[in-house]
There are 2 protein chains.
Amino acid sequence: MGEAGTALTRGRIDKRRAILDAALRVFDREGYDRAGVDVIAAEAGVAKATVYNHFGDKETLLRQAFAALSEEALARNLAAVAPLADRDGDLRALLEDAGLRLVRCYCAPHSWTLRRLLAAEAGRFPDLLGLVQDGVADRVNEALADRLARLVLAGRLRAADPALAAEQFGGLLCGSLDRRTRLGTREVPEEEMREVARAAADTFLRAFGTGEL
Amino acid sequence: MGEAGTALTRGRIDKRRAILDAALRVFDREGYDRAGVDVIAAEAGVAKATVYNHFGDKETLLRQAFAALSEEALARNLAAVAPLADRDGDLRALLEDAGLRLVRCYCAPHSWTLRRLLAAEAGRFPDLLGLVQDGVADRVNEALADRLARLVLAGRLRAADPALAAEQFGGLLCGSLDRRTRLGTREVPEEEMREVARAAADTFLRAFGTGEL
DNA sequence: AGGAAACTGGACCGGTGAGTCCATTCCGGC
DNA sequence: GCCGGAATGGACTCACCGGTCCAGTTTCCT
């Protein structure tokens, strides 16, 4: 018994992971308050008591889920920015590519789960806000600023405050995405993402590019 | 009796307004689910039954509050964009000013209430999403695009897709604001808003300005 | 094999909150 | 000055949910 409907109970140690995943799904679908621990347990294919064994209470469950989510988001965002370190490639292509990767991160379902949950619960759990802002958003912006600074130093971008430029590149990328994705409700086709990234890179280069071409 | 703590009971017809305001405050503070109708009633200086007389149930209360909020937001945003119709003024100053006004809208407490609530409840009440996106965000973007198009026609901006340019201007303005305001938690000083607006106008003009000046 | 630790299912408690009801009181218009 | 509709408050129902408990079973480690 116990194989009905759920992913077959595997190694038996990663129940924890299953619970976390289920929690994320349910939190996202119903919101933190309306999410019943019973439901989460059921969706994880686990008894309610098991949930309380792993995490002491609902609140810690939320925090852990958050932590997992932002860890993942951070990694993916940093990876998106990393290729900008390339010193020789075609600058426009490089920017466009990084932009596209960032946009993909931004549009990923998990990313929306994170933002939605954060917006909803930031008032009640201010620490989560710190976790995500300082722990993810700021770090990514910083990393991006670093890359841009290098590019300025290499004479491939016009001088500017790198942190500000990074912020603005982000803005160009994501400014329209809230609307276009309808707050994560609608899935954006790859082609549209590409357009957004291209437009952002375009505008950014017009503003900050040297005439190098 | 009845004057304790609350705005003194005035004309006796705008109880409705009082309830709506209180609802907004409580929804914002506690979130929709945790907001007790009793609390809203108390904060409005009104009996619970009165709330149910005016609005049938909690859900309609939310919707009405939303409607009021987005109406207000729309008006203020459109007003912010309007001055751009000026055909002669200093372009940079004009953009900077419109930008500043938009930023102020974006940072206004009511604006954050709207966004937070929307993010949290968009899943459960998809119609609200439509109301705000189509009814406010799109309209504002369109209005901005209109102004930009005129400026292009007048030879004061380089040709570009106006809708896209408007989107990007918005992105430049607001991209950093989520972080800077810590999701509406922190109040941004006027000076900082001004800087953001200036930086946005700056970058925008570098990308889309003719060398006119 | 055997025992400890984890897991299960389900009953259970206590609190909370939406929505209803009603007898009473208040208030504005005629 | 009086009448009818709105407002009051407070009690009440009903459902749901977080968290606990427990007796029985599974799983893993040695």
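So that the names make sense, note that chain A is the first sequence line, chain B the second, and so on, each numbered from 1.
With a 4.5 Å cut-off on side-chain heavy atoms, A/Glu72 and A/Leu69 count as touching. Between B/Phe27 and B/Thr113 there is no side-chain heavy-atom pair separated by less than 4.5 Å.
Straight-line distance from the CD1 atom of B/Ile40 to the C1' atom of C/dG19: 14 Å, rounded to whole Å. The CG-C1' distance, from A/Asp14 to C/dA6, rounds to 14 Å in whole Å. We find that NZ of B/Lys15 is positioned 18 Å from P of D/dG5, with the value rounded to whole Å. Whole-Å rounding puts the A/Asn53 CG to C/dA5 P distance at 13 Å.
Using a cut-off of 4.0 Å between Lys/Arg side-chain N and Asp/Glu carboxylate O, A/Arg198 and A/Asp202 are scored as not salt-bridged.
For B/Phe208, the ring pair (Phe, Tyr, Trp, His ring centres under 6.0 Å) partners are B/Phe204, not counting sequence neighbours.
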In 5'-to-3' order, the base (B), backbone-only (S) or no-contact (-) status of each nucleotide in nucleotides 17-23 of chain D, using a 4.0 angstrom heavy-atom cut-off, is -BBB---

For B/Thr50 and B/Asn53, what are the C-alpha separation, side-chain angles and deciding distance, and is it a side-chain hydrogen bond (donor to acceptor under 3.5 Å, both in side chains)? CA-CA 5 Å; B/Thr50 308; B/Asn53 277 345; 5.2 Å; no

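Residues in residues 114-126 of chain B take part in these side-chain hydrogen bond (donor to acceptor under 3.5 Å, both in side chains) pairs, two or more places apart or across chains: B/Asp28-B/Arg116, B/Asp33-B/Arg124, B/Ser111-B/Arg115, B/Glu121-B/Arg124.
Between A/His54 and C/dA6, a side-chain N or O to OP1/OP2 separation shorter than 4.0 Å is absent.
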